[in-house]
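Naming: A, B, ... by sequence-line order, numbering from 1 per chain.
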Amino acid sequence: MAVVSIFVGNLPWATTDEDLHELFSQFGEVKRSKIVLDRETNRSRGFGFVDMEEADAARAIEAWNGQPYNGRVLTVNLAQSRPARA
DNA sequence: GTTGAGCGTT
């Protein structure tokens, strides 16, 4: 079983990591959910990341990418930065 | 008490 990181963008600024966790838990076990906060202000940057099994991640991406959430159309995709720890 | 493309601090 391989865990992959999912990039989630265009989130409402009120979205929290637990919100992300709930959203993606619908399609599988969420290993980690994280909203990226501005390091200077600690406020949401409007995007985040979720780690889960790649099969579940694929379903969650298909389910949420381009779908509206809280009035915003989400951008959901496989993460690019932060290489996996070896 | 604000903003709106983009890939995170461990």
Side-chain angles (χ1 to χ4, degrees):
Chain A
M1 308 250 298
V3 178
V4 296
S5 294
I6 310 169
F7 170 81
V8 187
N10 206 36
L11 289 167
W13 291 308
T15 308
T16 67
D17 48 359
E18 359 180 276
D19 291 328
L20 263 190
H21 190 281
E22 290 185 23
L23 286 175
F24 285 82
S25 290
Q26 303 175 50
F27 301 96
E29 179 187 0
V30 176
K31 309 294 184 182
R32 184 79 208 244
S33 60
K34 186 54 148 316
I35 291 287
V36 179
L37 303 179
D38 190 288
R39 198 189 165 290
E40 302 180 14
T41 65
N42 277 351
R43 292 176 200 186
S44 173
R45 286 188 184 175
F47 66 95
F49 294 90
V50 176
D51 296 335
M52 58 195 310
E53 299 297 331
E54 67 180 346
D56 295 329
R59 298 188 192 107
I61 290 171
E62 291 298 313
W64 279 115
N65 187 31
Q67 297 302 126
Y69 170 71
N70 240 318
R72 308 298 173 187
V73 177
L74 298 182
T75 297
V76 186
N77 210 341
L78 291 176
Q80 301 175 344
S81 319
R82 294 299 291 240
R85 311 173 71 100

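A donor and an acceptor atom, one from each side chain of S5(A) and D51(A), are located under 3.5 Å apart.
At whole-Å resolution of the value, CD1 in I35(A) and C1' in dT3(B) are 16 Å apart. For the pair E40(A) CD and dT9(B) C1', the interatomic distance rounds to 13 Å; values are reported in whole Å. Per the geometry, CG belonging to D38(A) stands 16 Å off P belonging to dA5(B), to the nearest Å. In this structure, N10(A) atom CG and dG8(B) atom P are separated by 17 Å, rounded to whole Å. One interatomic measurement links the two molecules: CG of L37(A) to C1' of dG4(B), which rounds to 16 Å at whole-angstrom precision. Computed from coordinates, the R39(A) CZ to dC7(B) C1' distance equals 18 Å when rounded to whole Å. Rounded to an integer number of Å, the gap from CZ of F47(A) to P of dG6(B) is 11 Å. Rounded to a whole Å, the CD atom of Q80(A) is 17 Å from the P atom of dA5(B).
Lacking a ring centre under 5.5 Å from that of the base six-membered ring together with a plane angle below 30°, F7(A) does not count as stacked on dG8(B).
Sorted by first then second residue, the salt bridge (Lys or Arg N to Asp or Glu O under 4.0 Å) pairs that include residues 56-80 of chain A, not counting sequence neighbours, are D56(A)-R59(A).
Along DNA chain B, the nucleotide nearest L78(A) and the nucleotide nearest R72(A) are compared for position; the residue whose nucleotide lies closer to the 5' end is R72(A). Checking G9(A) against R43(A), the closest nucleotide of DNA chain B that is more toward the 5' end is the one next to R43(A).
For W13(A), the listed nucleotide lying nearest its side chain is dT3(B); candidates were dG8(B), dT3(B), dG6(B).
Considering all non-hydrogen atoms of both residues, Y69(A) and P12(A) come closest at O-CG, 3.5 Å. In terms of heavy atoms, E53(A) sits closest to M1(A) at OE1-CB, 3.1 Å.
Donor-acceptor pairing under 3.5 Å, judged by distance alone, is absent between the side chain of R45(A) and the base of dT3(B).
Aromatic ring orientation, F27(A) versus W64(A): perpendicular (interplanar angle above 60°, classes split at 30° and 60°).
Within the nucleic acid shown, I6(A) has no heavy atom closer than 4.0 Å to any nucleic acid atom.
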